[in-house]
Structure formats: C-alpha cells, structure tokens
Amino acid sequence: MFSEQDYTYMAKAIQLASTPIFSPHPNPRVGCVIVKADRVIGQGFHAYSGGPHAEVNALNNATDSVKGATVYVTLEPCSHHGKTPPCADALINADVKRVVIAMLDPNPVVSGNGVARLKEAGIEVVSGLLLQQSEQLNRGFIKRMKVGMPWVRTKIAMSIDGRTAMANGESQWITGSEARHDVQRLRAQSDAILTGTGTVLADNPRMNVRDIEDCTGKFRQPLRIVIDGQLKSDAKAAIFNQSGESWIATLSDVGAQQFPDNVIVKSYSEKSEHVDLTEVLTDLAANEINEVHVEAGAVLNGVLLAENLIDELVVYMAPTIMGDMARGLFHLPQLNEMKDRLYFTTTDVRCVGNDIRLSFKPNYNPSEILNNCGTQDKCLQE
C-alpha cells in the first residue's frame, strides 16, 4: 500500500514534528510534508499552542501550487474549530489529491472525523504509515486521551555503585555538565516537572528550563509541582519565586496563604500516609498535562514505582563511586530473594559527555512489592 517514497516523506514529517524542543502543550507534536511530482514543495510543524498547525504551516510555506499534491502528516488532520480552524478544511480548500497519515487522532470524540471529511471531499486518504514512530512522538498525548493520565518520566543521576546522594544529602553534582544540559532538554519536552518536598528542602532547586534555545521563539516554562503532604516547604524556596506557575500537592492547605500568588496549593486525598499520587496525576491530565518529568528523592521515586506510575526511567550514570553509606535510588521494601527482583526493559543506551544515559521501561507487577511486607503503610510511608 505504501511506496518507498511514502516512507521517505513520512520519515521527514516525523523529523519535522520533533523539531521544536519545547512541547506544544497541550497539543500533540505534528509534522507535515507536501509533495508534488516527487518534489517537496511545502513543509511545516506545529510549534506552539495557539499557533498554526503543521498542515497550515506547510501550505503557507509551499513554493508551488499544491493542487493535486500528496500530503504526509504524522497525525490525522483536525476537523473541529479550536484556537485555529480545521486543518481538514484547509487541505480540502487547497485541492490536494492524496493525504497519507501516520496515526489517527487518539481522542475518541474526534478520531476518524478528519479522515471522513477528507474522503467526503473526494481526497484519497490512507493511514498507518510509520505508526509506531509517530506514536513515540506523542506518548503523553495518547495516554491522556486514552486513559486520562499523563506520561510519567522519572530522571535519576547516580554513581556506578547506584548512589544518588551522600549520606548527608549532598548530591551536586554527580554527573557532568553535558548530562545536566541533556536533562534541560528533557524538562523542555515536558509539560510539568514534579518533585518532592524533601528535594526542595535539601537542594533548593529551581526545577525550570535553562540554557535551551528553541527555533520557535516561544519559551514556555513547564508547570512545577511539589508533593508536600504536610506543607513543610519554605515559601521563600527558589522553586516558588520565579516566573511561571507552581502547584503544591498537599493533604491540608493550612498555611497556604504564605506562598506567592503564582503558587497554587491543592489538597488531595491521603493514601497510606502520603498524598494520593494517582489523584494528583489524574488532576494534571484533567488540566491538559501530557508529559510529567520527575526529579525527586528515593521516597517519592519508590512510591511512584510501587504504584506503577512510572512509564519511563531515565538514569544518568556517572563513572564515580560514592560508597556504601550514600543514598540509593528507590525507597522500597526489602527484597529477600532473586525472584523478588524488579524487571525493566532497556529502551536506549547512549553516552552523554563522560556519563552514560540509560532508558528503561518498567515491566513488573507492583502488587508483588507490597506483598513482600504485608501492607503499603509499612513500606512506603514518608
């Protein structure tokens, strides 16, 4: 059904979709290529929310008439009025002949409507080309649309003996400058950055995006979230005193008035003596957050892992040793036998400066962890 040229042009569209470093939150990443007589005459990508979509940018950038052309787009053209008019109508009005789509819109309310509108106008439409590659671009958007939860990536920096901080809590810096810059790119690709009050008190981090240039010229700081069940955070902490919005997820909002106006204190249910993280993530998805980037300590990381809330684990391993007394990656119940080990699938390995970046996908049953110690209360309390 697809030719070699189809694969080539769709691969180009996928490359375009990943061009902007910053997420076009809350929208998906989309790229578009317009081809006529085996020649690219237009291309574009969706750069930021509220701006022209990929198809419109490609049409506007066309160097020749697009009448009778083939359009390659990584996501089904929209068929509804949002901040911009429907892209399906733009393609119909441009009188293109054929539209090749990588993936249909995962939103069940609108999925297939764009295709139907194009077909009704007499345009040939085919889909499914480089589907997995296109899905990889928008894992968070797809997950939010299908299950009402964001994609969660947890980033950890460690030594080769698996330590994340010295016994006294000192952790700056384990990795080199190249790895730390790479983390800035991960932050920029996310809609929100999540941490715990322990990290805020120990390191006073800003948890923002720095030293990143983006071709769109639209710099947007991700939302910052602090999990702080007892509202122990200092209102003067750096994470709260900068541009952009922050949330504090707590069990009680007593004392919330001390924080700056750009800080929203939100109360959630209690789960085993800590904030219900599933409830927090569900709330983030309801607020159109697609991807959450986590940089936290062993306790919060342990709860996320045990509750099966981590979709991807990114570990930066530095060629250094920190010793037996230094702190580990996850606070979890004791695992006594080899059969109790937690398993992951390795998805990527690469060098970043003098460090190694490892990406993993968890593939275990979290209930097995909790059964090892009887109750979650005993294992995962703050």
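We use all heavy atoms of the structure for the numbers below, so side chains are in, but hydrogens, waters and symmetry mates are not.
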Is there a chain of hydrophobic side chains (I, L, V, M, F, W, Y, each step under 4.5 Å between heavy atoms) that links [X] to [Y]?
X      : Y      : result
Ile193 : Ile21  : no
Ile41  : Val33  : no
Ile123 : Val115 : yes
Val275 : Val303 : yes
Met317 : Leu342 : yes

For a quick test of reading the model, state the closest non-hydrogen atom pair linking [X] to [Y] and the distance between them.
X      : Y      : answer
Val314 : Arg357 : CG1-CG, 3.8 Å
Ser23  : Ser190 : CB-O, 4.3 Å
Gly162 : Met158 : CA-SD, 3.8 Å
Pro20  : Ala17  : CD-O, 3.7 Å
Leu75  : Pro106 : CD1-CD, 4.0 Å
Tyr316 : Lys155 : CE1-CG, 3.9 Å

Side-chain donor or acceptor of [X] paired with backbone N/O of [Y] under 3.5 Å:
X      : Y      : result
Gln184 : Arg210 : yes
Asp105 : Glu76  : no
Ser49  : Pro24  : no
Asn61  : Gln43  : yes
Arg163 : Ala326 : yes
His25  : Glu288 : yes
Arg327 : Ala165 : no
Asn204 : Ala237 : no
Asp253 : Ala256 : no
Asp161 : Met322 : yes

Tell me if the CE atom of Met1 is crowded by more than 12 foreign heavy atoms within 6.0 Å.
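For Met1, atom CE is crowded (more than 12 foreign heavy atoms under 6.0 Å).
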
Does atom CG of Asn168 have more than 12 heavy-atom neighbours, drawn from other residues, nucleotides or ligands, at distances under 6.0 Å?
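Yes, enclosed.
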
How many angstroms lie between [atom1] in [X] and [atom2] in [Y], if you round to the nearest 0.5 Å?
X      : Y      : atom1 : atom2 : result
Met149 : Arg144 : CE    : CZ    : 13.0 Å
Ser246 : Ile225 : OG    : CD1   : 8.5 Å
Ile101 : Leu130 : CD1   : CG    : 13.5 Å
Gln136 : Gln133 : CD    : CD    : 9.0 Å
Thr164 : Phe330 : OG1   : CZ    : 9.5 Å
Ile212 : Arg185 : CD1   : CZ    : 6.0 Å

Any heavy-atom pair between the side chains of [Y] and [X] that's under 4.5 Å?
X      : Y      : value
Leu186 : Gln189 : yes
Thr8   : Lys12  : no
Val56  : Cys87  : yes
Glu307 : Lys271 : yes
Trp247 : Leu284 : yes
Pro77  : Leu118 : yes
Cys78  : Val110 : no
Asp191 : Pro26  : no

Residues Tyr268, Thr278; criterion side-chain contact (heavy atoms from CB on, under 4.5 Å); working and verdict
CA-CA 10 Å; Tyr268 295 93; Thr278 298; over 6 Å; no

List the atom pairs, with distances to 0.1 Å, where a side-chain N or O of residues 292-301 and a protein N or O form a donor-acceptor pair under 3.5 Å, not counting sequence neighbours.
from: His293; atom 1: ND1; to: Arg153; atom 2: NH1; distance (Å): 3.4
from: His293; atom 1: NE2; to: Glu295; atom 2: OE2; distance (Å): 2.8
from: Glu295; atom 1: OE1; to: Arg187; atom 2: NH2; distance (Å): 3.0
from: Glu295; atom 1: OE2; to: Arg187; atom 2: NE; distance (Å): 2.8
from: Glu295; atom 1: OE2; to: Arg187; atom 2: NH2; distance (Å): 3.4
from: Asn301; atom 1: ND2; to: Ala296; atom 2: O; distance (Å): 3.1
from: Asn301; atom 1: ND2; to: Gly297; atom 2: O; distance (Å): 3.2

Stepwise side-chain contact (heavy atoms from CB on, under 4.5 Å) check, Asp355 with Asp182:
CA-CA 11 Å; Asp355 304 311; Asp182 194 59; over 6 Å; no

Quick one about Ser233 and Thr197 (side-chain donor to acceptor, distance below 3.5 Å, no hydrogens or angles considered), yes or no?
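Yes, Ser233 and Thr197 have a side-chain donor paired with an acceptor closer than 3.5 Å.
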
Give me each pair satisfying salt bridge (charged side-chain N to carboxylate O under 4.0 Å, His left out) with a member in residues 106-124, each pair once, sequence neighbours excluded.
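Listed once each, the pairs are Asp89-Arg117, Arg98-Glu124.
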
Return the set of residues passing salt bridge (charged side-chain N to carboxylate O under 4.0 Å, His left out) with Lys266 (not counting sequence neighbours), or none when no residue passes.
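Once residues adjacent in sequence are excluded, the partners of Lys266 under the salt bridge (charged side-chain N to carboxylate O under 4.0 Å, His left out) criterion are Asp283.
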
Whether Phe259 and Phe240 hold their rings parallel, tilted or perpendicular, with breakpoints at 30° and 60°:
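The rings of Phe259 and Phe240 stand perpendicular, inter-plane angle above 60°.
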
Test side-chain contact (heavy atoms from CB on, under 4.5 Å) on Thr70 and Gln5; report intermediate values, then the result.
CA-CA 11 Å; Thr70 296; Gln5 288 79 10; over 6 Å; no

Glu312/Lys143 under salt bridge (Lys or Arg N to Asp or Glu O under 4.0 Å): CA gap, chis, key distance, verdict:
CA-CA 13 Å; Glu312 181 182 30; Lys143 186 179 178 184; over 6 Å; no

Which is it for Leu59 and Val66 under the side-chain contact (heavy atoms from CB on, under 4.5 Å) test, yes or no, and what are the steps along the way?
CA-CA 8 Å; Leu59 290 169; Val66 301; 3.9 Å; yes

